[in-house]
Amino acid sequence: MGTEPVGPRGGPSPRLAVVGAGPAGLAAALAAAERGVGVTVVDSAEAPGGQFYRQPTAALGARRPQALHHQWRTWRRLRDGLERHLAAGNITLLPEHHVWCVERRSDAPREQRPCTPREQRPSDTPGGFTVHALLGPGQEEAVEVRADAVVLATGGYEKVLPFPGWTLPGVVTAGGAQAMLKGGLVVSGRTAVVAGTGPLLLPVATGLAAAGVRVAALVESADPKALVRRAGPLVGRADKLAEGAGYAVELLRRRVRTLVRHTVVEAHGTDRLEAVTVAALDAEGRVRPGSERRFPCDTLAVGHGMVPHTDLAESLGCRVDADGMSVAVDDEQRTDVPGVWAAGEATGIGGAALSLAEGHVAGRSAAARLRGREPDPREWAAAAASRTRLREFFAALDTVYVPPAHWAEQVTDDTVVCRCEEVTAGAVREAVGELGAGDVRTVKLLTRAGMGWCQGRMCGPAVAGLAGCAETVARRPFARPVPLGVLARAGETGEPGGAPVESGEPGGPPVE
């Protein structure tokens, strides 16, 4: 781990735990480490970078990994900064550590209220936090990481809405197709259809085409013309518009057919995917009869946006925004739980550039407060300005790239919705129409939809849509399944069979 950083009075440096090594987590870790705070970065992947900067393993011998990224220079700056601080002992990186809980080591009651001005916020009580993780692919060995404060940079996960045939082998998420290409230099087939809605479809289709896959069609359910009506916020980020235009030009050059205001109606096949039927949408978001067309393919990469990963924040008692889908933070990226910051997709989906800006602000704020200093917002004014513009930009995009309003009408009763528990759409509809379920929780209790391994992360939006309920983030005590033996030994650090502690003991001043 290197030499322990030294605090302002010559004692041990305050310790910051950063959960997640994507753009937000790396930006926060570097900003804090550069200001004298010892940082432990905990991440589930084998190497840092997150989904956006996912790298092929060294064993694959990729000659030009930069061809898979359009922000390679930014990644190199992050990577070089991380390596420098690792060598100096300022940052400890713990890969393949799957965090299932972050615990406040305090007997004081946890406050759950909106963020308040600094002078009204309670300071952290002594004790700090314990990050509980499962180690390695087996996820059976327990590890504890102690820190004085925490930055949650947990990212998000994909939202996929069901349709007949979506469980066939060969149907993958858009992000999954991208992850296979970036991390494994592999594709799931020779002919692909990329479908759904959202900006992610463009780089996925372009990446597959550049890798030699014949992309038969890019199927976007939204109408890009609607972007013209949101011109105000979009003009402020001309670089993002140029990025999208670049993808569009590349798809034209590769003769990829683009269908807007279309959606997937059904995936066909017996043992695996063989073809996809798509259809046009009318002004109300319903399928236009007679507009169906069939595309032979062996891969369907489909996605309908992203959902913030809020499990750890909610288990700590952090407030979520009014939409119920993202962690609420103030201008310093602080949650309403003292000592906890959040940055990146967990606070709202907005891409890598926004995650970098939020992570930088969170890291600088945490570093100042851990060292007993009042932060000066002027020190991160550029990042804050970028954050504001990007939030406005993606808020405008969110109003355009939405799933078809009547997508549930195309889901047949025999379509499996919850894959873990094999619950069909018909069972969900029966729970609502015949058994009187009026919310997602009741549907879950009546059908077991959402009780499986993924705990509703994959099927939650679909169940809510079919049930006619508002989509919200489910509250879970743990962020992932945990062996009972690990739970039984939790907190037994230092005793036989207890979990090892992988960072220094807390030692900094209270956080305001």
Side-chain angles (χ1 to χ4, degrees), residues 1-62 65-66 69 71-99 128 131 133 135-136 143-151 153 183 341 343-344 352 355-356 359-368 370-371 379-380 383 500-508:
M1 291 176 53
T3 304
E4 186 73 19
V6 177
R9 295 182 179 87
S13 168
R15 198 82 194 177
L16 176 68
V18 177
V19 181
L26 291 178
L30 293 176
E34 288 167 0
R35 285 153 187 86
V37 171
V39 181
T40 301
V41 179
V42 188
D43 191 65
S44 60
E46 295 181 1
Q51 169 70 355
F52 190 80
Y53 293 118
R54 184 185 294 269
Q55 305 294 312
T57 60
L60 294 175
Q66 64 269 27
H69 298 271
Q71 292 185 9
W72 186 253
R73 291 182 180 177
T74 302
W75 162 244
R76 289 187 62 180
R77 287 197 296 270
L78 291 172
R79 181 195 63 191
D80 294 347
L82 178 63
E83 291 177 350
R84 184 174 67 254
H85 284 292
L86 288 172
N90 303 326
I91 294 180
T92 299
L93 176 63
L94 303 178
E96 294 191 283
H97 281 59
H98 307 265
V99 177
V131 178
L135 181 62
V143 174
E144 293 179 1
V145 176
R146 294 185 179 181
D148 301 286
V150 178
V151 173
W341 283 254
S355 294
L356 289 169
H360 182 78
V361 173
R364 294 189 72 142
S365 169
L370 279 170
R371 296 175 68 84
E379 296 178 356
W380 60 71
V501 176
E502 294 214 21
S503 72
E505 294 290 335

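Only a predicted model underlies this, so the values are computations on that prediction, with no experimental measurement involved. Counting from 1, the numbers follow the sequence of the chain as shown.
Side chains of L135 and H97 form a contact here, defined as non-hydrogen atoms less than 4.5 Å apart. No side-chain heavy atom of T40 sits under 4.5 Å from any side-chain heavy atom of V131. Contact of the V41 side chain with the P48 side chain is not registered, since no non-hydrogen atoms from C-beta on lie closer than 4.5 Å.
Summarising the geometry of S365 relative to W341, their closest heavy-atom pair is OG-NE1, 3.0 Å, with the distance given to 0.1 Å. In plain terms, the two heavy atoms of F52 and P23 that are nearest each other are CB-CG, 4.2 Å. The shortest non-hydrogen separation linking S355 to G344 is OG-CA, 3.5 Å. In terms of heavy atoms, V361 sits closest to A383 at CG2-CB, 4.0 Å. What you find for L16 and A32 is that their closest heavy atoms are CD2-CB, 3.6 Å. Taking every heavy atom of both residues into account, V151 and A362 meet most closely at CG1-CB, 4.4 Å.
Exactly one residue among I91, L93, N90, L30 makes a side chain to side chain contact (heavy atoms under 4.5 Å, CB included) with V39. That residue is I91.
To the nearest 0.5 Å, atom CZ of residue R364 and atom CD of residue E34 are 8.5 Å apart. The distance from atom OH of Y53 to atom CG of L26, rounded to the nearest 0.5 Å, is 9.0 Å. Between the CZ atom of R371 and the CZ atom of R35 there is a distance of 11.0 Å, given to the nearest 0.5 Å. Here L78 contributes atom CG and E83 contributes atom CD; the two are 11.5 Å apart, rounded to the nearest 0.5 Å.
Looking only at distances, a side-chain donor or acceptor of D148 sits under 3.5 Å from a matching main-chain atom of R15.
Residue E46 places its CD atom among 12 or fewer non-hydrogen atoms of other residues, nucleotides or ligands, all under 6.0 Å distant.
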